Amino acid sequence: MFNVEIFDTRFNIVSHTTIDSASYEYDYLVLTNNNIKLAGAVKAFKGNYVYIRESSKKYIGIICDITNTTTHTSIEIKPLLGLLDVNVYYDRSVLNEISLENYLKNLIESKYVHNEDTLQNIEGFKCEVKTHTYDAKLNLVDNIHNIYMLVQKAFKQYNVVIDFDVDIQNKLITAIIQSKETKIKIIEADLKNIISKNIILGKSGEELNKLTMFNKANENNTLTYYKHTTGTISQIDENRILPVVDNVIYLECEEEEFENKAYEKAHEKLNYNFDNLIEITVKHLDNLVKPEERYIGEVTEIISNQNIYTSVLTGYVYKEGTVKLIYGAIRTELTKKLKKEKRNNEY
């Protein structure tokens with residue numbers, strides 16, 4: 001039995017009901033709405049918070065659509081992460097002076113905490129920075145930014161993740177910004193506790209460990225990046241992975257943008273922890289995988305058929321007593337592929 005509580009933006013209770021079962025998905029790389037059906041006429045309004053919980057499982061989001069019939073109320077819920085899918089104006093040069101985490105904090109707070117248009121500020125909202133990553137490069141070409149797109153870049157390049165903690169009693173929503181630990185966890189995907197598995201690797205087949213880039217506007221301007229045995233990526237020619245698997249590409253950009261663009265492209269192409277889609281489904285209370293202890297940004301080695309695949313947890317799906325853990329950045333669902341392609345074309 002799931003409790004469903006609906007609150008207004010000041011955390012006043014609007015309505016409360018229960019449902020026998022609930023399925024919901026959280027995808028850090030492709031914003032995904034969830035739908036739940038409630039029996040009867042349930043009082044709810046667009047913009048209300050929805051809090052769904054059963055024992056240790058919980059999900060909170062924002063109502064973005066409501067459909068009423070004679071027998072039930074259907075509500076569509078967007079994740080709190082969707083609050084960041086907005087554009088803001090903020091000086092990009094500030095990133096050179098502060099940590100990446102503090103820069104993201106400043107962007108978010110400029111929209112929802114310190115906005116001159118006070119109607120856009122969110123009551124009880126705050127940011128908390130737990131780590132500091134300096135000298136970050138996000139290839140910022142101007143001062144207008146989509147926060148969610150920068151959040152994705154921070155995740156893929158520096159494993160900086162934003163989690164949301166909601167304290168209904170104290171009327172607080174906290175965006176926790178931190179670089180997740182890189183200690184590698186292991187899942188043995190051939191054991192009997194695994195209900196199902198799906199492994200799709202990137203098109204490259206081989207895993208690049210060297211990338212040379214030329215500026216198309218000036219071919220004398222070139223940079224080479226290497227992936228090291230430690231998993232790090234830099235221009236330093238040492239601790240190389242063998243055999244060498246390399247590629248040479250052009251970058252089309254202004255002269256002053258080349259260094260940042262090359263840095264971003266190198267981390268995109270050489271960070272093959274994201275160049276896959278691995279889905280592992282287990283029971284909600286599985287004692288081996290322990291899905292409740294997994295977190296977005298967790299680096300994991302999945303062992304299957306004597307092969308080891310390294311990936312990063314990027315989402316999960318709760319459904320009928322099971323949890324599907326989603327690793328990597330590849331998506332196969334048509335709607336998600338279209339969303340990603342649209343974003344790539346826009347930014």
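Note that the coordinates shown come from a computational prediction; the quantities given were computed from them, not determined experimentally. The first residue of the sequence shown is numbered 1, and numbering continues consecutively from there. Note that these values count all heavy atoms, side chains included, but never hydrogens, waters or copies made by symmetry.
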Rounded to the nearest 0.5 Å, how far does CZ of F2 lie from CD of E54? 4.0 Å
Side-chain heavy atoms under 4.5 angstrom apart, residues restricted to Ile, Leu, Val, Met, Phe, Trp, Tyr: same cluster for V312 and L31? yes
Run the side-chain hydrogen bond (donor to acceptor under 3.5 Å, both in side chains) check on Y90 and N106 step by step: do they pass? CA-CA 9 Å; Y90 199 84; N106 290 355; 3.1 Å; yes
Please check if L100 and V141 belong to a single hydrophobic cluster, counting links between Ile, Leu, Val, Met, Phe, Trp and Tyr side chain heavy atoms closer than 4.5 Å. no
Can you name the nearest heavy-atom pair linking I63 to A44, along with the distance? CD1-CB, 3.8 Å
If you take all heavy atoms of A266 and L211, which pair is closest and at what distance? CA-CD2, 3.9 Å
Do the side chain of Y28 and the main chain of I162 share a donor and acceptor less than 3.5 angstrom apart? yes
Is there a donor-acceptor contact under 3.5 Å from the side chain of Y51 to the main chain of F7? no
Give the C-alpha distance, both sets of side-chain angles, the deciding distance and a yes or no for side-chain contact (heavy atoms from CB on, under 4.5 Å) between H228 and S234. CA-CA 8 Å; H228 307 293; S234 77; 2.7 Å; yes
Between I173 and Y112, is there a side-chain heavy-atom distance shorter than 4.5 Å? no
Measure the shortest side-chain to side-chain distance between I77 and N33 over non-hydrogen atoms and say whether it is less than 4.5 angstrom. no
Of all the heavy-atom pairs spanning K37 and S74, show the shortest one and how long it is. CG-OG, 4.1 Å
With a 4.5 Å limit on heavy-atom distance, are the side chains of I176 and K130 in contact? yes
For S15 against V42, the heavy-atom pair lying closest together: OG-CG1, 3.5 Å
Is there a donor-acceptor pair closer than 3.5 Å between any side-chain N or O of N34 and the backbone N or O of E25? yes
Rounded to the nearest 0.5 Å, what separation is found between the NE2 atom of H267 and the CD1 atom of I233? 4.5 Å
State whether the side chain of N209 and the backbone N or O of P243 hold a donor-acceptor pair below 3.5 Å, judged by distance alone. yes
When you measure from the side chain of K153 to the backbone of L138, do you find a donor-acceptor pair of N or O atoms at a distance under 3.5 Å? yes
I236 and Y226, any side-chain heavy atoms less than 4.5 Å apart: no
Roughly how far, to the nearest 0.5 Å, is CG of N159 from OG1 of T133? 9.5 Å
Could you walk me through whether F274 and F155 pass the ring-ring contact (aromatic ring centres under 6.0 Å, His included) test, one step at a time? CA-CA 10 Å; F274 285 95; F155 179 39; 5.3 Å; yes
Separation of L80 CG from Y26 OH (nearest 0.5 Å): 8.0 Å
Examine distances only and state if a side-chain atom of N115 and a backbone atom of N121 form a donor-acceptor pair shorter than 3.5 Å. no
Are K216 and Y250 in a cation-pi setup, meaning NZ or CZ lies under 6.0 angstrom from the ring centre and within 45 degrees of the ring axis? yes
Return yes when atom CG of N287 has more than 12 non-hydrogen atoms of other residues, nucleotides or ligands closer than 6.0 Å, and no otherwise. no
What residue among N68, T17, T67 forms side-chain hydrogen bond (donor to acceptor under 3.5 Å, both in side chains) with T73? N68
If we only count heavy atoms from C-beta on, is the K111 to Q120 side-chain gap below 4.5 Å? yes
E123 and K171: salt bridge (charged side-chain N to carboxylate O under 4.0 Å, His left out), yes or no, with the steps? CA-CA 8 Å; E123 186 166 330; K171 302 182 177 182; 5.9 Å; no
Answer yes or no: is there a side-chain heavy-atom contact under 4.5 Å between R53 and E5? yes
Report whether L150 and I144 are members of the same hydrophobic cluster (ILVMFWY, side-chain heavy atoms less than 4.5 Å apart, transitive linking). no
May I ask you to decide whether E128 forms a salt bridge with K105, counting only side-chain N to carboxylate O separations under 4.0 Å? no
Are side-chain N/O atoms of N276 and S311 paired as donor and acceptor at under 3.5 Å? yes
Are Y24 and I66 joined in one hydrophobic group, where the rule is that I, L, V, M, F, W and Y side chains link up if heavy atoms are under 4.5 Å apart? yes
Does the pair I60 and V50 meet the rule for a side-chain contact (heavy atoms from CB on, under 4.5 Å), with working shown? CA-CA 5 Å; I60 188 162; V50 181; 6.0 Å; no
Strictly below 4.0 Å, N to O, side chains only: are D163 and K180 in salt-bridge contact? yes
Suppose the criterion is salt bridge (charged side-chain N to carboxylate O under 4.0 Å, His left out): which pairs have a residue in residues 184-202, not counting sequence neighbours? K185-E298, D190-K197
Without swapping roles, check the side chain of N305 against the backbone of N307 for a donor-acceptor pair under 3.5 Å. no
Which residue pairs pass the ring-ring contact (aromatic ring centres under 6.0 Å, His included) test when at least one of the two sits in residues 68-89, sequence neighbours left out? none
Quick one: pull up CG in N247 and OG1 in T212 and give me the separation to the nearest 0.5 Å. 8.5 Å
State, with a plain yes or no, whether a side-chain heavy atom of Y309 is found less than 4.5 Å away from one of L201. yes
Would you say E238 has more than 12 foreign heavy atoms packed within less than 6.0 Å of its CD? yes
Indicate, with yes or no, if L81 and I122 share a hydrophobic cluster defined by side-chain heavy-atom contacts under 4.5 Å among Ile, Leu, Val, Met, Phe, Trp and Tyr. yes
Side chain N48, main chain F45, donor-acceptor under 3.5 Å: yes
When you compare the side chains of N221 and E255, does any donor N or O come within less than 3.5 Å of an acceptor on the partner? yes
Find out whether Q157 and E264 are in side-chain contact, i.e. whether some heavy atom of one side chain is under 4.5 Å from a heavy atom of the other. yes
Would R294 and Y327 satisfy side-chain contact (heavy atoms from CB on, under 4.5 Å), going step by step from the backbone distance to the final call? CA-CA 11 Å; R294 304 281 167 170; Y327 294 86; 4.2 Å; yes
Between F214 and V248, does the side-chain contact (heavy atoms from CB on, under 4.5 Å) criterion hold? Intermediate values first, please. CA-CA 8 Å; F214 287 85; V248 180; 3.7 Å; yes
On a heavy-atom basis, the closest approach of F11 and L172 is CZ-N, 3.9 Å
Carboxylate-amine/guanidinium proximity below 4.0 Å for K269 and D275: no
Which of parallel (below 30°), tilted (30 to 60°) and perpendicular (above 60°) describes Y158 and Y263? parallel
Nearest-0.5 Å distance, CD of residue E292 to CG of residue D286: 11.0 Å
Heavy atoms of P291 and V282 approach each other most closely as CG-CG2, 4.0 Å
Side-chain donor-acceptor pair under 3.5 Å between S179 and T131, yes or no? no
Whether Y134 and H132 hold their rings parallel, tilted or perpendicular, with breakpoints at 30° and 60°: parallel
Could you walk me through whether T322 and H284 pass side-chain hydrogen bond (donor to acceptor under 3.5 Å, both in side chains), step by step? CA-CA 5 Å; T322 67; H284 167 55; over 6 Å; no
Would you say CD of Q178 has more than 12 non-hydrogen atoms from neighbouring residues, nucleotides or ligands within 6.0 angstrom? yes
